[in-house]
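Take a look at the structure set out below.
All residue numbers refer to positions in the sequence shown, counting from 1.
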Amino acid sequence: LPKNLEDEIKKVEGVKEVNRFIGRRLVLNINGEESTTYVVGYDPQTGIAKPFDMTDGTDQIQENEIVVDEDFARKNNLRLGDTLKMFDNDFTVRGLAAGGNAMVFQYSFITLSQAEKIFEMQNITNYFLVKGGTSEDIEKNIPGVEAFGKKKFVDHAQKLIDDNFLPIILIIMVIGFIVGMAVIGL
């Protein structure tokens, strides 16, 4: 979405606050192994899109610092003070957070300003996080924009899981059943 839509959204009746959400799924090379994380840019001053629940270190990060999910850290043998390379930048792990494990990948957090630069998103955003107003009013006042209230967002996320993740689980179960039957038949 174009960044300048923020001003239009702010004009919609009832809207109290509009914030950008910037993130990107990345595959990082850590100690010779590929590991997937979803990197979110957040503003440590406002706390918008911040890490869920800090378990160690700090979420008050600066440029070239990162907070990683504790499961991501455990899986990749990372500790506070370790360095991760993203694009041409080295990031020092300054915090560990819980609640960012999405099974397929875990969330990591860098500053919003640095996310804008390295993802080349100075003039665009993934989403806007809006407080106040209704999704219907936003869609009515800004043609071509699809707004999700909490329920619609949760339903949409559940549909993505149902359509993309559950079929994989079904295939694994069928393979497991076939292998189990073959073993029993021996």
Side-chain angles (χ1 to χ4, degrees), residues 1-12 15-30 34-73 76 78 80-102 104-133 135 138-139 141-150 153 156-157 160:
L1 296 168
K3 181 181 176 181
N4 63 4
L5 271 181
E6 182 175 352
D7 296 330
E8 291 182 52
I9 296 169
K10 286 179 180 177
K11 293 176 188 173
V12 173
V15 170
K16 296 176 176 70
E17 187 178 331
V18 180
N19 294 286
R20 293 173 64 207
F21 178 91
I22 293 178
R24 181 173 290 172
R25 185 177 157 266
L26 297 176
V27 177
L28 304 178
N29 185 321
I30 303 172
E34 290 187 346
S35 193
T36 303
T37 185
Y38 193 93
V39 180
V40 174
Y42 86 103
D43 182 350
Q45 303 308 314
T46 65
I48 302 297
K50 72 177 186 164
F52 307 104
D53 181 25
M54 294 301 298
T55 58
D56 200 3
T58 182
D59 62 1
Q60 294 302 303
I61 59 174
Q62 318 244 337
E63 301 289 301
N64 297 319
E65 296 181 341
I66 188 168
V67 173
V68 297
D69 181 79
E70 63 184 1
D71 292 324
F72 182 81
N76 293 288
L78 295 172
L80 294 178
D82 286 352
T83 302
L84 294 175
K85 189 164 208 67
M86 246 186 292
F87 298 96
D88 291 329
N89 300 298
D90 289 332
F91 288 83
T92 303
V93 177
R94 289 289 180 231
L96 302 177
N101 187 349
V104 181
F105 57 83
Q106 292 80 38
Y107 286 90
S108 297
F109 302 84
I110 62 176
T111 63
L112 180 62
S113 59
Q114 194 154 32
E116 286 178 330
K117 290 178 213 159
I118 67 172
F119 300 155
E120 298 180 355
M121 295 182 73
Q122 292 90 342
N123 298 312
I124 58 175
T125 190
N126 295 84
Y127 307 102
F128 288 105
L129 305 173
V130 181
K131 286 187 182 176
S135 54
I138 292 170
E139 289 176 349
N141 286 287
I142 306 171
V145 169
E146 186 174 6
F148 288 59
K150 284 182 184 177
F153 181 82
H156 181 71
L160 286 174

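- Taken to the nearest 0.5 Å, the OH atom of Tyr127 stands 14.5 Å off from the CZ atom of Arg20.
- Listed by chain and number, the residues in a ring-ring contact (aromatic ring centres under 6.0 Å, His included) with Tyr38 are Phe105, Tyr107 (sequence neighbours excluded).
- Qualifying salt bridge (Lys or Arg N to Asp or Glu O under 4.0 Å) partners for Glu139, counting only residues two or more places apart in sequence or in other chains: Lys152.
- Taking CG of Asn123 as the start and CD of Glu116 as the end, the distance is 8.5 Å to the nearest 0.5 Å.
- Phe72 pairs with exactly one of Leu78, Val93, Thr36 by the side-chain contact (heavy atoms from CB on, under 4.5 Å) rule, that one being Leu78.
- The CG atom of Leu84 sits 11.5 Å away from the CG atom of Asn64 when rounded to the nearest 0.5 Å.
- Inter-residue side-chain proximity for Glu6 and Thr125 is flagged as unmet; no heavy-atom pair is nearer than 4.5 Å.
- Side-chain contact between Lys3 and Ile124 is absent, with no heavy atoms from C-beta onward closer than 4.5 Å.
- Side-chain contact between Met121 and Asn126 is present, with heavy atoms from C-beta onward closer than 4.5 Å.
- The two atoms that bring Gly41 and Ala49 nearest to each other are O-CB, 4.3 Å, heavy atoms only.
- Side-chain contact between Met86 and Arg24 is absent, with no heavy atoms from C-beta onward closer than 4.5 Å.
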Q: Applying side chain to side chain contact (heavy atoms under 4.5 Å, CB included), run through Asn89 and Gln114 and close with a yes or a no.
A: CA-CA 10 Å; Asn89 300 298; Gln114 194 154 32; 4.3 Å; yes
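- Atom-to-atom distance recorded for Ile61:CD1 and Ile66:CD1 is 7.5 Å, nearest 0.5 angstrom.
- Counting heavy atoms from C-beta outward, Ile110 and Ile118 have side chains that approach closer than 4.5 Å.
- Counting only heavy atoms from C-beta outward, the side chains of Thr37 and Val68 never approach each other to under 4.5 Å.
- Between Asn76 and Ser35, the closest heavy-atom pair is ND2-OG, 2.9 Å.
- One distance of note links CG of Leu96 with OG1 of Thr55; it measures 5.0 Å at 0.5 Å rounding.
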Q.
side chain to side chain donor-acceptor pair (under 3.5 Å) for Asn141 and Glu8? Distances and angles first, verdict last.
A. CA-CA 8 Å; Asn141 286 287; Glu8 291 182 52; over 6 Å; no
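- Annotation: the span from Phe52 atom CZ to Asp69 atom CG amounts to 8.5 Å, rounded to 0.5 Å.
- Of the candidates Gln60, Met54, Lys50, Val67 forms a side-chain contact (heavy atoms from CB on, under 4.5 Å) with just one, namely Met54.
- A pairwise comparison of heavy atoms in Pro44 and Thr111 identifies CG-CG2, 4.3 Å as the closest pair.
- No more than 12 heavy-atom neighbours from other residues, nucleotides or ligands sit within 6.0 angstrom of CD on Gln62.
- The ring-ring contact (aromatic ring centres under 6.0 Å, His included) check on Phe128 picks up nothing, with sequence neighbours excluded.
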